[in-house]
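Notes to accompany the following structure.
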There are 2 protein chains.
Amino acid sequence: MDIREIAKLARVSTATVSRVLNSVPTVNPKLAKRVLDAAALRGYVPNTQARALVSGKSRTFGLVVSEITNPFFPQIVETFGNLAVANGYEMLLASTGNDLKRMELAVRRMIERRVDGVAILTFGMEDSLLADLRVRKVPLVGVVVGPTVPGVTNIRIDYRHGIRQAVQHLAALRHQRIAFITGPLRLMSAMARKTAFEESMREIGLYAPPELLVEGDHTVEGGVAALGRLVRLAERPTAILCSNDMTAIGVIREAYELQINVPNQLSVVGFDDIHLAQFITPPLTTVQMSQSELATLAFQALLAARERPAQTRQSNECVLVTSLVLRKSTALVLGAQPIPRPPDFIS
Amino acid sequence: MDIREIAKLARVSTATVSRVLNSVPTVNPKLAKRVLDAAALRGYVPNTQARALVSGKSRTFGLVVSEITNPFFPQIVETFGNLAVANGYEMLLASTGNDLKRMELAVRRMIERRVDGVAILTFGMEDSLLADLRVRKVPLVGVVVGPTVPGVTNIRIDYRHGIRQAVQHLAALRHQRIAFITGPLRLMSAMARKTAFEESMREIGLYAPPELLVEGDHTVEGGVAALGRLVRLAERPTAILCSNDMTAIGVIREAYELQINVPNQLSVVGFDDIHLAQFITPPLTTVQMSQSELATLAFQALLAARERPAQTRQSNECVLVTSLVLRKSTALVLGAQPIPRPPDFIS
DNA sequence: AAATGTCTTGTAAACGTTTACCCGTCTGGT
DNA sequence: ACCAGACGGGTAAACGTTTACAAGACATTT
């Protein structure tokens with residue numbers, strides 16, 4: 001049931017069969033019909049591997065994410081996958097945790113499979129990985145936080161804007177003691193968010209004392225634990241900004257357990273805007289980072305790189321902006337204590 | 001940078017290079033070293049496509065799910081993916097909705113890519129699809145609800161057990177007016193769950209009047225809407241069994257909105273036991289269907305089929321059992337009205 | 001010492017396509 | 001009637017591997 005068999009059956013050459021299967025317009029309709037009939041009769045299924053071998057293009061993209069299990073990512077996979085089928089591509093997926101070794105392995109194996117490009121949409125230690133991999137000819141797109149790495153398409157996420165909005169929103173509600181639950185700090189993106197938070201606080205004339213910066217792990221459990229610690233403080237925060245929505249869900253959950261009313265006794269802001277965020281109680285005010293936009297950006301970049309490889313050499317850069325979406329998990333603060341300004345406070 | 005170049009560089013034949021790359025033990029260590037050095041020097045990356053072409057095995061499995069966006073599935077993808085890398089396989093993923101056409105397309109394209117097997121882990125109209133596809137030589141595993149389809153590995157899910165436990169649990173809490181929110185009824189699996197519910201009710205001497213059987217769509221929004229309808233009934237249910245957890249989350253959400261206390265005024269039971277179920281408020285009592293077990297079952301079946309294709313011909317069958325996990329979303333009913341038994345009530 | 005066997009390496013075919021190139025036929029212009 | 005050109009179709013090489021088979025080197029047996 002290969003092309004040769006069809007050729008024999010239709011009494012033409014393999015070249016002709018190939019041509020009609022690829023709808024080259026110059027072939028005699030009579031022959032074409034014979035070929036098509038033969039193919040249908042035998043249930044012919046083209047072998048993409050062979051095709052890829054000679055053409056050098058596999059029509060496959062690799063997508064590596066850190067935790068498919070974190071609700072942030074499925075939406076990305078969905079969008080990326082839909083774009084893939086729409087454009088006649090297949091999607092090879094790997095979920096590698098934030099483990100650099102596993103990412104490297106995944107990407108390497110994708111390259112061995114001769115994918116036409118790979119997108120690393122991950123919140124891990126991406127930069128060195130990207131730098132390492134750029135050597136290969138495979139188009140690569142990744143989200144980066146450090147310096148732009150040459151030879152790959154860098155997607156940069158502007159955490160700053162959304163976080164600044166969140167902080168301003170909280171300040172407008174008269175919050176001053178604002179806590180921040182970070183992601184795992186070994187991840188550069190987690191550091192970046194933390195930095196963005198600190199800078200936004202400073203900008204607005206607020207101070208974030210170290211005991212209000214607690215490290216989480218991007219999971220619901222982490223949020224639960226973090227609130228547990230925050231609540232033991234002599235002076236509790238009146239608002240908490242979480243570095244992802246899962247953490248916020250954990251905080252809200254634990255607040256309920258501890259009989260702390262959200263938003264009246266405690267304001268909570270998330271980050272990511274996963275679909276579920278609007279359905280928890282209270283609906284979560286959160287910083288939106290559009291998953292579908294991110295996926296689309298990555299896919300387009302890959303597609304573009306494949307069409308004209310020349311372009312790929314110079315790394316181009318695109319940025320995804322974040323912004324605050326207001327829901328019901330924040331409220332005006334009730335009689336919070338003003339805190340003394342730290343010595344290094346800048347007007 | 002293909003095998004021939006390495007061969008030239010190491011002054012051996014391509015056959016030898018291939019042998020050392022596949023660690024055939026009989027080759028002279030001296031030569032092996034030369035080859036390995038040459039490969040390292042040139043940064044040789046094997047071409048899996050070519051390898052697959054001659055060996056006929058691509059070391060790739062396809063996984064098709066219905067909605068990667070439904071939290072039930074990411075866990076499946078995770079487990080399946082981990083098993084894949086652990087066994088040296090790659091995973092091609094497709095998320096096709098419950099659209100038969102898209103599923104067919106996805107599977108067809110996977111077959112064109114010469115995957116070694118495909119798992120259809122989906123809650124859609126699977127049976128006809130599986131039957132159609134069985135013609136190809138590709139090992140296929142799918143979850144089925146109708147008659148067992150020959151030539152493929154059927155994973156059958158025993159909805160009955162878990163649902164019966166749920167109904168019994170509710171009955172023990174003195175609930176009699178128990179509503180059931182189904183999935184989209186065009187899906188056979190949704191029908192199966194509904195049937196399991198009705199039978200369990202009957203078994204235990206309870207009646208499920210039609211107005212308490214409302215059709216949902218497996219989403220949070222669907223749960224919200226369904227509770228909206230249920231609440232407008234003259235006689236409200238005291239308990240609701242949902243055919244998936246997302247629906248239950250919607251119900252709980254809307255109950256909060258309507259100031260209905262869960263579990264005291266309304267007991268809610270979910271289905272699936274997604275990870276999040278334990279973190280909503282109140283923690284959700286739900287029927288567990290182990291995602292990782294399902295994924296493992298599917299993967300093992302595929303692997304087994306690949307090892308000895310003879311086995312594949314006769315379709316083997318395996319079943320996944322469900323069972324109730326108790327948390328906090330159910331409680332004793334407070335003064336509910338007994339309802340008259342229907343005429344067709346048996347014993 | 002010749003014959004046999006074992007062990008390692010090389011040669012070349014094969015996997016299923018695409019495609020550059022060539023060849024034959026037909027059209028139309030002179 | 002002859003030739004140029006256009007056009008449709010066939011031949012075969014190529015893609016990068018694996019592997020059956022052959023061949024050569026060397027050890028062992030008679």
Side-chain angles (χ1 to χ4, degrees), chain A residues 1-36 38-39 42-60 88 90 109-116 136-138, chain B residues 1-36 38-39 42-60 88 90 109-116 136-138:
Chain A
M1 47 144 148
D2 64 357
I3 213 181
R4 283 176 295 232
E5 196 176 328
I6 306 302
K8 203 163 299 173
L9 198 62
R11 303 187 311 277
V12 297
S13 73
T14 62
T16 302
V17 176
S18 174
R19 283 190 273 256
V20 351
L21 259 22
N22 294 298
S23 11
V24 172
T26 65
V27 8
N28 185 332
K30 214 152 182 120
L31 291 194
K33 178 156 180 7
R34 282 222 307 266
V35 169
L36 257 13
R42 284 292 218 268
Y44 170 74
V45 177
N47 184 325
T48 323
Q49 317 238 45
R51 199 191 303 242
L53 188 56
V54 16
S55 73
K57 305 276 154 211
S58 64
R59 297 195 81 81
T60 307
E90 219 67 19
R109 303 226 309 201
M110 285 172 174
I111 293 179
E112 290 181 357
R113 286 236 163 28
R114 294 299 189 271
V115 295
D116 292 331
R136 317 266 158 229
K137 304 283 189 16
V138 183
Chain B
M1 44 145 148
D2 63 357
I3 213 181
R4 284 176 295 231
E5 196 175 327
I6 307 301
K8 203 163 297 172
L9 197 63
R11 304 187 308 279
V12 298
S13 73
T14 62
T16 302
V17 176
S18 174
R19 284 190 272 256
V20 350
L21 260 21
N22 294 298
S23 12
V24 172
T26 65
V27 8
N28 185 332
K30 213 150 183 123
L31 291 195
K33 179 160 179 4
R34 283 220 307 268
V35 169
L36 257 13
R42 285 291 219 269
Y44 170 75
V45 177
N47 184 324
T48 323
Q49 317 238 48
R51 201 192 303 246
L53 188 56
V54 15
S55 73
K57 305 277 153 210
S58 65
R59 296 196 80 82
T60 307
E90 219 68 18
R109 303 226 308 200
M110 285 173 174
I111 293 179
E112 291 182 358
R113 288 233 154 47
R114 294 299 187 271
V115 295
D116 293 331
R136 318 265 158 229
K137 303 286 189 16
V138 184

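Letters A, B, ... are given to chains in the order of the sequence lines, protein chains preceding strands, and every chain is numbered from 1.
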Next on the checklist: Measure CZ/A/Arg114 against P/D/dC15 and give the value in whole Å, please.
Outcome noted: 13 Å
Checklist outcome for this item: In whole angstroms, the gap separating P of C/dT17 from CG of A/Asn47 amounts to 5 Å
Item to check | d(CG, B/Asp2; C1', D/dT18) in whole Å | outcome: 14 Å
Next on the checklist: Testing the 3.5 Å rule here: is there a donor-acceptor pair between the side chains of A/Arg34 and A/Asn28?
Outcome noted: no
Item to check | Side chain to side chain, B/Thr14 and B/Ile6, heavy atoms closer than 4.5 Å | outcome: no
Next on the checklist: How would you summarise protein contacts on nucleotides 5-13 of chain C per nucleotide, using B for base, S for sugar-phosphate only and - for none, with heavy-atom distances below 4.0 Å?
Outcome noted: ---SBBBB-
Checklist entry - End-to-end bend of the helix from C/dA1-D/dT30 to C/dT30-D/dA1 (five-pair axes, 10° rounding)? => result 60°
Checklist entry - Is a donor on one side and an acceptor on the other found under 3.5 Å between the side chain of B/Arg19 and the backbone of B/Val24? => result no
Next on the checklist: In the structure I gave you, are the side-chain heavy atoms of A/Val138 and A/Val115 within less than 4.5 Å of one another anywhere?
Outcome noted: yes
Next on the checklist: Under a plain distance cut-off of 3.5 Å, with no hydrogens placed, do A/Arg113 and B/Thr60 share a side-chain donor-acceptor pair?
Outcome noted: yes
Checklist entry - Between atom CZ in A/Arg59 and atom P in C/dT18, what is the gap in whole Å? => result 13 Å
Item to check | Between D/dG10 (P) and A/Lys8 (NZ): distance, integer Å | outcome: 14 Å
Item to check | Side chain proximity check, B/Val12 to B/Val17, heavy atoms < 4.5 angstrom | outcome: yes
Item to check | Side-chain ion pair, A/Glu90 and A/Arg59, N-O less than 4.0 Å | outcome: no
Item to check | Rounded distance (Å) that lies between atom P of C/dT17 and atom CZ of B/Arg51 | outcome: 21 Å
Checklist entry - D/dG16 P sits how many Å from B/Tyr44 OH, rounded? => result 10 Å
Checklist entry - Over how many whole Å does the gap from B/Met1 atom CE to D/dC15 atom P extend? => result 13 Å
Item to check | Short side-chain N/O contact to D/dT17 OP1/OP2 from B/Ser18, under 4.0 Å | outcome: no
Item to check | A/Val35 side chain reached by A/Leu9 side chain, heavy atoms, under 4.5 Å | outcome: no
Item to check | Heavy-atom side-chain contact between A/Asp2 and A/Asn47 under 4.5 Å | outcome: no
